[in-house]
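A quick note: this is a predicted structure, and the numbers were derived from the prediction, not measured. Residue numbering restarts at 1 for every chain, and letters A, B, ... go by the order of the sequence lines.
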Amino acid sequence: MTVERQHAIQPYAPAVQREIHKAGEWHWEDRWRDLPAGGTVPQGGTSENYVTGGWRSDKPIFDAVTCTHCLLCWVFCPDSAIDLDDGKVTGVAYDHCKGCGICAYECPKQDAMVMAPDTQELPQ
Amino acid sequence: MRPDTGRVAMTGNEPGALAMKQVRPDVVAGYPITPQTELMQQFAQYVADGESETELILVESEHSAMSAVIGASATGVRAMTATSANGLALMWEMLYIAAGYRLPISTMLVSRSLGGPINIHCDHSDAMGMRDTGWIMLFAETAQEAYDNGIMATRIAEHDQVRLPVMTVQDGFITSHTTQVLSILTDEQVSEFVGIYRPKKSLSNFDQPMTYGAIVLPDFYMDVKRQQAEAMDNSPRFVEQVADEYAELTGRRHEALESYRLDDAQVALVVLGSAAGTAKDAIDIMRERAIAVGLLKVRMFRPFPRVEVAEALSRTRAICVLDRSLAMGAPMGPLAADVAASLVTGRRAPPLYNAVYGLGGRDITIADFEGVIEEAAEVAQTGAPKATVRYVGLRGNEE
């Protein structure tokens, strides 16, 4: 039974798919036979392409004024979603932050990372 | 009491352990369960004596044993374990993982009933519980076959075109704890035969990072499973290649199926494991009494050689498939159901019924087999089995 199927679920945006195509050994359009065996991912660094920010209901809000750049949030973040520049926290990578709140919990200043509903606008 | 090469007398567990030592796995995970315990104990002795350089991990359960070898195998090393009965049942979910990740793990199963009531003796209820997990399954009639399968399993599993886990099965106590004479190879011969395992991809190849175990959702899962099914369907020709090479080395050729006096048989028995030996003796006796009976022994139960089974049996007039396990509530036992399915998709389907025997280690004797053959010969005349499932060797009459 051969069916040309447009799969409803495609977690990668088309632009990201093109990037994966360039880097990897397989292609989104591949037939079942040509996919990597065993559901393995045959290359590194692909989680960056997989946007998980949509899973979030609360989000951390970063306050650069109170932050002492102790980097505990960066150490504890399970999704590597704390952005750094030259050893200083610059904010949160919201494409990958799932809103777990560990950064806000670990923040010794308590107010450098504060959880708020995801609907709240970021401070300018 | 170190066995020298050549002809030796050993219980079935000992050549299991010897094969495990000789294929030189990098990692073995062990957890004791009767009747497999002796196998792992002997292997642990090899490690303790410095005869094996294997990293032997004594884990806290069979679930952990299978998990440990899955982890080891994903890093690109040769990994093995062994178990029986409830131990295999505890591994169950991990058996699917090993096969689904296409990891070339080989494992030795010393078959035992699953109970309850608790029983430590042989039947195939443990093996049948894993028949759909995606492992290649090879059954042994003798200690010799258990040894040979144990060596070939590594080559089959690691074959680039296969990459599926392999379970080799011997009958608990009947084979594992009785002494038989068999031929063994030297460590060097086996080492050369199995070679060094060098996977193209693994977790410890840092030049090409990769992931095992990522979630695969509806957009890819079915395609990955279809691929796995194809690998299973394609594996027999590579199993055969390995069997050919093994035959060149040893003179022993192990086919997926073994036929015994089947060419002109009107009545066919089909059986797995050690009972095949008893069946052959009974067949010789019944042939003297002019009953044209033969045997089809299934060595490779997964993938099931359905075309060859149909071919081997289609010219008979009655088929009795013997199952050493029950499939509660199913139309027939597992082996009978597979044979029946193979026949209906073949050219001709002779009358077929199922005989259940040997549960929990109940002996099946030559006299039992004579009774089975007499009944099957009647079915060849009448074309109508007395029942779909018969039971051999019950206390009192069957009715």
For B/Gln227, is it the side chain, the backbone, both or neither that has a heavy atom under 4.5 Å from a heavy atom of chain A? both

Look up atom [atom1] in [X] and atom [atom2] in [Y], then write down how far apart they are to the nearest 0.5 Å.
| X | Y | atom1 | atom2 | answer |
| --- | --- | --- | --- | --- |
| B/Met210 | A/Gln43 | CE | CD | 10.5 Å |
| B/Arg226 | A/Leu35 | CZ | CG | 12.5 Å |
| A/Trp32 | B/Glu230 | CH2 | CD | 3.5 Å |

Step through the shown structure and confirm whether more than 12 heavy atoms of other residues, nucleotides or ligands are within 6.0 Å of [atom1] on [X].
| X | atom1 | answer |
| --- | --- | --- |
| B/Glu53 | CD | no |
| A/Arg56 | CZ | yes |
| B/Glu192 | CD | no |

Closest heavy-atom contact between B/Ala214 and A/Val41?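 Closest approach of B/Ala214 to A/Val41, heavy atoms only: CB-CG2, 3.9 Å.
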
